[in-house]
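For the single chain, residues carry numbers from 1 onward in sequence order.
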Amino acid sequence: MDPDRPAPPPLARAIALVLLATGAPAALAQQAPSAPASEAELRQLAEQLAALKNSYAHEVRRLRELDMQVQALQARLTGRVQAATAPSPAVAQAQAEANAEAVPEPAATGAPAGDGGYASTAAEAEQAREREVARSVADVKQQTRTLFDQRLVIENGLTYNRYDRKQLSLNGFLALDAIFLGNIAIENVESDTLNYNLGLRWGVSPRLTLNLDVPYVARKTIYQKGGAGGSAAAIAQEETSGHGLGDVTASANIKLLPERGWRPETVLNVGVTAPTGREPYGIPWNVLERDDDDFIRFAVPEEQPTGNGTWQASVGLSAVKTSDPAILFGNIGYTYSFESSFDDIDNNPDTVNPGKVKLGDSFYFGAGVAFAFNERTSLSISLSDRLSARARTRYEGAPWAKVIGSDGNAAMFNLGVTYAMNPHATMVGLLGIGLTPDAPDFSLGLKIPYTL
């Protein structure tokens, strides 16, 4: 070999090796550069050249696929550290060409990962795998209000809640510690609530997102009361409904700490809820049954409320930690209810008593884990709980009094599935199972956030 003559490029050497491996006709190498004797020979040579090109392209694709699989397995076995410290494709190629005894492998080892969709190194294979689950992680963060890289998101959500409460009431006394003398009544309340929520999420900056949630609530409640007319076998039933705008909430998410090492990404959540819905105070009542002494035995409201009737402010913290392939998340917060005045706060249909109402403050917390199966789908499992203190009322000229039975403990077990329909829209399915009497029996939800 002439030392002054430059070495052929790696691509030409690879083509030559593939031609030799595929058994190219020896006549091609021995033919003189003169023009073919006839058009038939020219067509034959052209067909042979096209076949060799197709065979070469097929072999290159196979080499890239095998190289991607080998590098991905090496990355899993040796870890990301060794993959990150591995020599770059250019250095590896230079070392291979410097070895006179070694023959460079054809194509693909120095090709970029985006060329044909194949990875050429362990680092690129690992990066490709991380990109596959990046969308699922973003969708999970969007549901936990910890995503800040989206400019504007319009979210449509539909939620159905089912409540069923039964209560046995006794009006009488025990004789001889064994015989009950009086009236026995069974009260049952069945409620179905359908809530449509229109949400807007505006990413002001990489650390601040503003939210606006506008709900529309439709409720139907069935009241059943046993012991009608003094007979334990008689049952009275009445159905009421109500629909309209619910309580509108404006909130903000502020990123406090980014995720780094063992530390999760931490977000501060603050919000205010306005009493835009129909409050449950001052609603007219329908009296269905009275005793002989004009005592009301069975009465129901004419319509169902769609809001709480008071201003509320909330503050909380959310945390998300990615631990491939799982995503850990949790939240904790506190909601304060302001006192409000109403023209009538008495639930007795025969009286009108104005006064003030102070709903009990609530403390909520939750935690869960999500698994990103691929770039489109993820599954989340979580547990949430809300503890509410007793409400208080004060009639005009009277002191504050606690409302017995107004405190609550609503715990839910939640399952969620997130599916990315396209680059802009995501479908989120939710199932909640009530664990305590104050929680809904079950809850079904469907949300579709759309990113502009």
Side-chain angles (χ1 to χ4, degrees), residues 161 163 165-171 185 187-191 193 215 217 219 221 223 225 238 240-242 244-249 271-291 293-315 333-364 385-411 436-440:
N161 294 323
Y163 294 85
R165 300 290 180 268
K166 292 180 175 64
Q167 182 178 356
L168 177 66
S169 61
L170 305 177
N171 184 13
E187 297 179 357
N188 182 30
V189 179
E190 299 176 358
S191 179
T193 303
V217 181
R219 302 177 63 181
T221 302
Y223 299 90
K225 185 177 181 63
E238 186 68 15
T240 63
S241 61
L245 181 67
D247 292 342
V248 177
T249 301
V272 176
T273 300
T276 55
R278 175 70 169 91
E279 67 272 5
Y281 312 103
I283 296 179
W285 288 70
N286 289 329
V287 179
L288 303 177
E289 183 181 353
R290 293 178 182 268
D291 283 337
D293 56 357
D294 208 27
F295 177 76
I296 297 176
R297 292 182 53 85
F298 190 22
V300 297
E302 292 184 356
E303 63 175 327
Q304 291 295 315
T306 60
N308 292 326
T310 62
W311 286 86
Q312 292 181 320
S314 61
V315 59
Y334 177 79
T335 301
Y336 177 81
S337 298
F338 297 88
E339 62 181 54
S340 300
S341 299
F342 301 96
D343 296 334
D344 183 16
I345 62 174
D346 199 337
N347 57 2
N348 189 342
D350 294 337
T351 60
V352 176
N353 290 318
K356 293 184 177 182
V357 174
K358 171 68 170 63
L359 296 181
D361 302 336
S362 60
F363 173 77
Y364 64 89
D385 195 5
R386 178 179 289 270
L387 305 174
S388 301
R390 287 185 179 181
R392 295 184 299 162
T393 59
R394 187 178 68 177
Y395 298 108
E396 288 187 356
W400 285 98
K402 292 184 178 181
V403 180
I404 299 176
S406 60
D407 55 336
N409 182 357
T436 58
D438 297 321

Does the cation-pi check pass for Lys356 over Phe338, that is, NZ or CZ under 6.0 Å from the six-membered ring centre and within 45° of its axis?
-> no
Listing, residues 395-404 side-chain donor-acceptor contacts under 3.5 Å, not counting sequence neighbours, or none:
none

Is the backbone of Gly246 close enough, under 3.5 Å, to the side chain of Thr276 for a donor and an acceptor to pair up by distance?
-> yes
Would you call Arg386 and Ser388 a side-chain contact if the rule is heavy atoms closer than 4.5 Å?
-> yes
Given side chains that start at C-beta, do those of Val189 and Tyr163 come closer than 4.5 Å, heavy atoms only?
-> no
Interatomic spacing from CZ in Phe298 to CH2 in Trp285 - rounded to 0.5 Å = 10.0 Å
Between Ala410 and Asp385, which heavy-atom pair has the shortest distance, and what is it?
-> O-OD1, 2.9 Å
Should Lys225 and Leu288 count as side-chain neighbours, where that means a heavy-atom distance under 4.5 Å?
-> no
Quiz: residues 302-310 side-chain donor-acceptor pairs under 3.5 angstrom, not counting sequence neighbours:
unit_1: Gln304; atom_1: OE1; unit_2: Thr221; atom_2: OG1; d: 3.4
unit_1: Gln304; atom_1: NE2; unit_2: Tyr223; atom_2: OH; d: 3.1
unit_1: Gln304; atom_1: NE2; unit_2: Thr240; atom_2: OG1; d: 2.7
unit_1: Thr306; atom_1: OG1; unit_2: Leu245; atom_2: O; d: 3.0
unit_1: Thr306; atom_1: OG1; unit_2: Arg278; atom_2: N; d: 2.8

Hey, what do you get for CD1 (Ile345) to OH (Tyr281), rounding to the nearest 0.5 Å?
-> 8.5 Å
Those residues that, when tested against Tyr334, pass ring-ring contact (aromatic ring centres under 6.0 Å, His included) (two or more places apart) = none
State, yes or no, whether a side-chain contact exists between Asp343 and Val352 at a heavy-atom distance under 4.5 Å.
-> no
Separation of Leu387 CG from Asp361 CG (nearest 0.5 Å) | 12.5 Å
Interatomic distance, Asp346 atom CG to Thr393 atom OG1 [nearest 0.5 angstrom] = 9.0 Å
Drop me the distance from Ser362's OG to Gln312's CD, to the nearest 0.5 angstrom.
-> 7.0 Å
Drop me the distance from Asp344's CG to Asn353's CG, to the nearest 0.5 angstrom.
-> 6.5 Å
